[in-house]
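Below, chain A is the first sequence line, B the second, and so on; all start at residue 1.
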Amino acid sequence: MITLLFFGRLGDFAVGVPTTMEASTPAEIRTLLAADFPALAKELSEPQVLVSVNKMIVDWDQHLLKGSEVAFLPPVTGG
Amino acid sequence: MITLLFFGRLGDFAVGVPTTMEASTPAEIRTLLAADFPALAKELSEPQVLVSVNKMIVDWDQHLLKGSEVAFLPPVTGG
Amino acid sequence: MHTIRIQTDDFDLAQEYQLLRELSSTVGAVVTFTGLVRDFEGEGSIESLSLEHYPGMTESLLEEIVGQAHKRWSLIGTTVIHRVGELLPTDQIVFVGVASQHRADAFEAAQFLMDYLKSKATFWKKVSQDGEQQWIESKDSDAAAANRWDTDSV
Amino acid sequence: MHTIRIQTDDFDLAQEYQLLRELSSTVGAVVTFTGLVRDFEGEGSIESLSLEHYPGMTESLLEEIVGQAHKRWSLIGTTVIHRVGELLPTDQIVFVGVASQHRADAFEAAQFLMDYLKSKATFWKKVSQDGEQQWIESKDSDAAAANRWDTDSV
């Protein structure tokens, strides 16, 4: 199983989204979410949104190992 | 009469120098000092030494009014 | 020597400064930056700010950024503190302190750290204004400020 | 709002920071620079530092420099404090604090003020080292640091 995390404004769109799922890439997660959560999937397709696996920024086609933590990160606004 | 001030390292060379004199320009003060204080006059001729009249940086041929305060300023080292 | 802290509590500038200053008798310059919640964000006054971050990832990003600063400049010590949680106008949000022998190193490293904090570290701000909550949009100027360190031949 | 002080007494960073921070609820950034007497000046350790200035002229030069900073950047407050007299290693010498809405203004103005303090303000340092007193030579790098503000299109 893959653990899913949504930060910043993406969290508002991810209400009711499962916290885990089976998937082989972050891109596949986005595709799978599109069926039940089209607004969230649209947000995830914004080019500024980054994806991390186990707290490292990766490409959307990164192969996911069992037990990975995938986080979706909108543009940061700290400081 | 013109009041004379020597700052920084120039002060070490100005021991015994009169604190006032008659002169019409800073350059003339330097020339007049050369007779009795050649080491000081040499220091004053260094290109980095600036001269001020009444606390404003001026040229060495600035005409001096009665009662002016002339200060000789080696390169500053504050901060 | 470097310190990185992410905390809900406020921080004390005087104490952080003292720690940096006393690191070594060769410290000749200490630069501090403190970021505060401003009363005006766009139009109208804000009621509060809520700061979220990605625990674990934020710390490792900050470690990396601070490590880069120590490689790039001659630094004696750095401190980075970022608050999370609920903040009010005029509250302190972020602190960056740098101690070095010479002032240019401290100034440049502090700016570098702030630019990266703004554009790369995994923090997100939500503002409450006129009874509504809204995520703050990231600024192109912050990305540009961070990018300049990639090309600068400092 | 600006404050300029030349004094023999030490200063308190926390107090100066607090004054800047509380100037307005629109303050979003406070940058401070503190200069300290370093233990090593060239080779060998120093025993003390003696700072002389030109009373009256120093204040008017600083007024002019601070005025330039307020014209050039969008600043809410600036504080410049420079100590004179006898100082010991690790003592504080100089403080520059800048409060602004945005961080770039505070950082740049603080650097500008320090560069001008180093290269234009009428202070002279004498160091006591190994039982001998010696005036410190000015550094070309300080003049260069000040000159960059003349050409920069910041």
* Structure fact -> dist C:I136:CD1 -> A:R9:CZ (nearest 0.5 Å) comes out at 13.0 Å
* Please report the closest heavy-atom contact between C:H53 and A:F7, naming both atoms and the distance. => O-CE2, 3.4 Å
* Asked: Hey, is CD on A:Q48 packed in by over 12 heavy atoms from elsewhere, all under 6.0 Å?
  -> yes
* Structure fact -> When rounded to the nearest 0.5 Å, the distance separating CG of C:L61 from NZ of A:K55 is 11.5 Å
* If you draw a 6.0 Å radius around CE in A:M56, do more than 12 non-hydrogen atoms from other residues or ligands fall strictly inside? -> no
* **Max heavy-atom pair count under 4.5 Å with chain C, selected residue of A:P74, A:G79, A:S52** => A:G79
* To do: Give a yes or no on this: more than 12 heavy atoms of other residues, nucleotides or ligands lie within 6.0 Å of atom CD of C:E59.
  => yes
* Largest heavy-atom contact set with chain A, pairs under 4.5 Å, which of C:F123, C:Y116, C:Y54 -> C:Y54
* Minimum heavy-atom distance between C:T122 and A:V76, given as atom pair plus value -> CA-CG1, 3.8 Å
* Determine yes or no for a side-chain-to-main-chain donor-acceptor pair under 3.5 angstrom, with A:T77 supplying the side chain and C:K125 the backbone. => yes
* Asked: Just wondering, more than 12 heavy atoms not from C:E137 lying within 6.0 Å of its CD?
  -> no
* Asked: Are C:M57 and A:L5 close enough that some pair of their side-chain heavy atoms sits under 4.5 Å apart?
  -> no
* Asked: To the nearest 0.5 Å, what is the distance between CG (A:D12) and CH2 (C:W135)?
  -> 6.0 Å
